[in-house]
S.K.: 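The structure follows.
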Amino acid sequence: MESYLQEIIRQALLEIGAEENQIPPIKIEKPRDPSHGDAATNVAMLMAKTLRNNPRNIAEQITAKIRSDSSKVKTAEVAGPGFINFRFADDYLYSELASILEKNTEYGKSSENSGLKCLLEFVSANPTGPLTVGHGRNAVLGDTVARLMEWTGAEVEREYYFNNAGRQMRMLGLSVQARYLQELELDAGFPEDGYEGAYISDIAKELVHEHGDSLANEADETVFKEKAEKVIFDDIQNSLKRMNIVMDSFFNEHTLYEDGSIQKVIDTFRGKGLAYDKDGAVWFKTTEFGKDQDTVLVKSTGEPTYRLPDIAYHANKLDRGYDLCLDIFGADHIDTYPDVINGIEVLGYDKSKVEVLVYQFVTLMKDGKPFKMSTRKANFVTLDELMDEVGEDVTRFFFLMRSPNTHLEFDVNQAKEAGEKNPVFYLQYAHARIQSILRKVTELEAFDGSADLSLLNHESEISLIKKLMSFPDAISGAASVREPHRLITYLNELAQGFTSFYHDCRIIGTEKNLMHARTMLAEATARVLANGLGILGISAPDKM
RNA sequence: GCGCCCGUAGCUCAAUCGGAUAGAGCAACUGCCUUCUAAGCAGUAGGUUUCAGGUUCAAGUCCUGACGGGCGUACCA
C-alpha cells in the first residue's frame, strides 16, 4: 500500500510541474488521530519552498491530479496546514483481513532484515551468584530484541559471555571453602570480601554430602570454585529457561588468552602508538578519542582490566562474520563501552557493526517503598524469587513495558495483583475471551472458515481490522529502534479495539453469515494477540 | 568539575527517528452483570510537557543556558 501511494503521489507531482530531482522521499505515515484518515503524507509542505507556493495550494493540486485505483483508495483529501489524507477502500480492508488469516502464525513477519546475521550478547553475568532483578531486565530485553529481529528476517544468535577466572571467582571459591570447613566445624574464618549469600552455604553442604570431610585438606580453593561454578551456572540457566530464554552459545573469556588474540590487541595498539607503558601498567591512549584520561589495559600486577578482553571479544565476534553485534548493557557501563568501540576501530573493524543498547536501572517497589539491594550481602532479590512471587509472564511483561532508557519501577504489589490493576492480564484476557467464543461457535455447528467479510461494516469492526493491519509495522518499528515496549503499546491498543468490538457487535446469536464473518475477525484478532505475546515471550492462554 | 540518561495528569509511564486537538494505566468520581469471560465497558475530572531563550510552515521531540534527579567518572567487573 505504501509504495502504491508513493507512486501515485509522485506521478501527480510530476504532472503539476515538479522536476524529478526535486521530489523528496515521500513519507507515508499513519495519522495519530484516526479521524484524519488511514494514511497521510506531508509532501506538500516539504515542496512548498521549491515550488514557491503555499502548502495547501500544492496539496490541492496534487489531490486533483491523483488517479487512484478505487479498489484501494476511497478518498484523498487536503487537511490542516497541507497534509494529504487517504482513506482506504473497504474492499482493500477485507482482502487484508483474509490474508492475515491465511498467514496465520507467520503474520507480522517482514523481510527488511533478511540476510542480516546478528549476534546478540546479553545477560553475560559471571557465575558468582544467582541472577538478580537487575540481570532480569537485561535478559528479557535481550531476548525480546532477538525475537523482534528474527521477526524482521534477521538470523540471530544469542550469546552469553562470561569469565570464570580472575579475582571474583577466586573469592567465590574461597567463600565456599570457608563454608565447607565451617560445616565440618573446622572453623577457618571467612574471607573479608567473601560472598555471604545463603547459596554459598548450600553449595558447601552439597560438597559435604558428596565428599564428606575428604576435601578438608585441599591446598587451594580450586575444587570449591569449580563446584560453585557448575552449580551456579545450572541455576542461572534454569532461571533463564523459566523466562523462555535459551542461549545459543556461551563464550568463555579465557579462550581469548589461549588463542593469543589479547596479545594481538596490545601489539596492534603499540604498533599504532596508541598503547604505552607507565608505572608498570599498559595504558590505552583514550585521550586520542576525546576522553579526559588515558585508561589502563593491563594492571601493574599483569592482570588485564576487563576492557582489554572485551575489545578482543568484539573483534572475535566480527571475525565470525556477523553484520551486526548487539550488546545489552546496564547504565553502569555507559561510560566504558566507547573504549571498546574505539578499540575495535583501531584494529581496523567497521565500528558501525557494533551497537550498544543501554538500559537504566530497576527499582523494586514493595508496599510503596523502594527495596534497596546490595549484591554480595544477603539482601538482594533473585530473579527466581521474583518469579515465584509474581509469575513468569508478569516478570517478563514488567521488564518490557517501559522504554529501556528510563528507570524502571517494578511495583511488586501491582504485579502480584491478579486483577484489574495488572496490565499483563488485559492482553491475555482478550485472547482467552476470544478463544472461549470460538469454542462456542464450533459447538453450535461445523464452521468451514469461510465467510463474506464485506458484512463487516460496523465502525468497531472497521477500526479493528485497521489495527490488525498495522501489526507488521508495529513489529518493524519496535525492532528498528530496539524498543520492545512499543509492541506492548500496540497490543494494548489492539486489545482495546477488540473489547469495543466485543461490546458493540455480538457474534453468537446474530444472523449466520454475519456471525461467520465476525468469527473470522475474532479469530484474526486472537492470532495477532498470540503472535505478539509470543514475541514478548508471554503465554497466550485459552482460558483464564 | 567532566561524561551519559532523564524531567510530560496526584503516582507510574506513552507519544510512530519535527507533524494536525499531548495519550494510557493506577488513584478519584458517576453509571453498566436474567445476553458470547465484569480480569470488562461507557463517561467525568485531572496539563503553561521543570524554567528561559533560539532554529521553521510546524517543537514534548532539535540547539544553547539554567534548575532538579539518576548513573558513571578505579591499576573493580
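Both backbone and side-chain heavy atoms feed into the values below; hydrogens, waters and symmetry mates do not. Lettering follows sequence order; numbering is per chain, from 1.
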S.K.: Could you check A:His36 against A:Ala331 and say which one's nearest nucleotide on RNA chain B is further toward the 5' end?
M.R.: A:His36
S.K.: With distance as the sole criterion, do the side chain of A:Asn42 and the base of B:G19 form a donor-acceptor contact below 3.5 Å?
M.R.: yes
S.K.: Keeping to residues at least two apart or across chains, list the ring pair (Phe, Tyr, Trp, His ring centres under 6.0 Å) pairs with something in residues 38-62 of chain A.
M.R.: none
S.K.: For each nucleotide in nucleotides 1-6 of chain B, reading 5' to 3', give B when a protein heavy atom comes within less than 4.0 Å of its base, S when such contact involves only the sugar-phosphate, and - otherwise.
M.R.: -SBSSS
S.K.: Examine the base of B:A22 for any acceptor or donor lying under 3.5 Å from a partner atom in the side chain of A:Asp33, and report the outcome as yes or no.
M.R.: no
S.K.: Classify A:Ala522 by what it touches in the nucleic acid, base, sugar-phosphate, or nothing, heavy-atom distance under 4.0 Å.
M.R.: nothing
S.K.: Produce the list of close N/O pairs, under 3.5 Å, pairing protein atoms with atoms of nucleotides 33-35 of chain B; give distances to one decimal.
M.R.:
residue: B:U35; atom: O2'; partner: A:Arg506; partner atom: NH1; Å: 3.1
residue: B:U35; atom: O2'; partner: A:Arg506; partner atom: NH2; Å: 3.1

S.K.: Between B:U8 and B:A74, how many Å separate the two C1' atoms, rounded to a whole number?
M.R.: 37 Å
S.K.: For A:Gln360 and A:Asn405, does a side-chain donor sit closer than 3.5 Å to a side-chain acceptor?
M.R.: no
S.K.: Report yes if at least one side-chain N or O of A:Lys299 is closer than 4.0 Å to OP1 or OP2 of B:C76; otherwise report no.
M.R.: yes
S.K.: Just to be sure I understand the rule, does A:Asn85 reach a base, reach only the sugar-phosphate, or reach nothing, if contact means heavy atoms closer than 4.0 Å?
M.R.: base
S.K.: Checking A:Tyr306 against A:Thr336: is there a side-chain donor and acceptor pair closer than 3.5 Å?
M.R.: yes
S.K.: May I ask you to check whether A:His135 and A:Thr132 show a side-chain donor-acceptor distance below 3.5 Å?
M.R.: yes
S.K.: Is A:Ser300 touching bases, backbone alone, or none of the nucleic acid, heavy atoms closer than 4.0 Å?
M.R.: base
S.K.: If we ignore angles and hydrogens, is there a donor and acceptor under 3.5 Å between the side chains of A:Asp294 and A:Tyr276?
M.R.: yes
S.K.: When the ring planes of A:Tyr337 and A:Phe329 are compared, do they come out parallel, tilted or perpendicular, using 30° and 60° as the limits?
M.R.: tilted
S.K.: Taking OP1 and OP2 of B:A77, is either one under 4.0 Å from a side-chain nitrogen or oxygen of A:Tyr313?
M.R.: no
S.K.: Need one value for A:Arg32: base, sugar-phosphate or nothing, where a base atom within 4.0 Å counts as base even if backbone is also close, heavy atoms only.
M.R.: base
S.K.: A:Arg486: which residues meet the side-chain contact (heavy atoms from CB on, under 4.5 Å) condition with it, sequence neighbours left out?
M.R.: A:Ala478, A:Val481, A:Glu483
S.K.: May I have all residue pairs that pass salt bridge (charged side-chain N to carboxylate O under 4.0 Å, His left out) and include part of residues 466-477 of chain A, sequence neighbours excluded?
M.R.: A:Asp38-A:Lys466, A:Lys467-A:Glu493
S.K.: Just call it for A:Ala79: base, sugar-phosphate, or nothing, with non-hydrogen atoms closer than 4.0 Å on any strand.
M.R.: base
S.K.: Give the nucleotide from the list B:A20, B:A39, B:C75 with an atom nearest to the side chain of A:Pro31.
M.R.: B:A20
S.K.: Would B:C33 be called syn or anti, given that syn covers angles within 90° of 0?
M.R.: syn
S.K.: Atom CE of A:Met47 and atom C1' of B:U56: how far apart are they, to the nearest Å?
M.R.: 18 Å
S.K.: In whole Å, measure the gap between the P atoms of B:U61 and B:U49 for me.
M.R.: 10 Å
S.K.: Would you indicate what A:Ser403 reaches in the nucleic acid, counting non-hydrogen atoms under 4.0 angstrom: base, sugar-phosphate, or nothing?
M.R.: sugar-phosphate
S.K.: Taking atom C1' of B:A74 as reference, at what distance in whole Å does atom CD of A:Glu303 sit?
M.R.: 14 Å
S.K.: Considering only side-chain heavy atoms of A:Thr305, which listed nucleotide, B:G19, B:G40, B:C75, is closest?
M.R.: B:C75
S.K.: Please check the phosphate of B:A39 (OP1 and OP2 only) for any side-chain N or O of A:Tyr429 closer than 4.0 Å.
M.R.: yes
S.K.: A:Ser261: which residues meet the side-chain hydrogen bond (donor to acceptor under 3.5 Å, both in side chains) condition with it, sequence neighbours left out?
M.R.: A:Asp259
S.K.: Give me each pair satisfying salt bridge (charged side-chain N to carboxylate O under 4.0 Å, His left out) with a member in residues 393-406 of chain A, each pair once, sequence neighbours excluded.
M.R.: A:Asp143-A:Arg396
S.K.: Can you tell which of B:A14, B:C76, B:C36 lies closest to the side chain of A:Arg402?
M.R.: B:A14
S.K.: Which residues satisfy the side-chain hydrogen bond (donor to acceptor under 3.5 Å, both in side chains) test with A:Asp504, sequence neighbours excluded?
M.R.: A:Ser460
S.K.: Let's see if you can work this out: which of B:G19, B:G40, B:C75 has an atom nearest to the side-chain heavy atoms of A:Val296?
M.R.: B:C75
S.K.: Kindly write out the residues that satisfy side-chain hydrogen bond (donor to acceptor under 3.5 Å, both in side chains) with A:Ser35, not counting sequence neighbours, or none if the list is empty.
M.R.: A:Asp33
S.K.: Can you list everything that forms a side-chain contact (heavy atoms from CB on, under 4.5 Å) with A:Glu392? Sequence neighbours excluded, please.
M.R.: A:Arg242, A:Met387
S.K.: Requiring both pairing distances under 3.5 angstrom, list the stems that contain RNA chain B and are made of three or more consecutive Watson-Crick or G-U pairs.
M.R.: B:1-7 with B:67-73, B:10-13 with B:23-26, B:28-32 with B:40-44, B:50-54 with B:62-66
S.K.: What's the gap between B:A15 and B:A22 when it is taken at their C1' atoms, as a whole Å value?
M.R.: 7 Å
S.K.: Taking the P atom of each, how far is B:C63 from B:A59, in whole Å?
M.R.: 16 Å
S.K.: Separation of A:Lys366 atom NZ from B:U12 atom P, in whole Å?
M.R.: 20 Å
S.K.: Please check the phosphate of B:A77 (OP1 and OP2 only) for any side-chain N or O of A:Arg307 closer than 4.0 Å.
M.R.: no
S.K.: Please identify each residue that fulfils side-chain hydrogen bond (donor to acceptor under 3.5 Å, both in side chains) with A:His36, with sequence neighbours left out.
M.R.: none
S.K.: For A:Ile488 and B:G25, what is the distance between atoms CD1 and P respectively, to the nearest whole Å?
M.R.: 15 Å
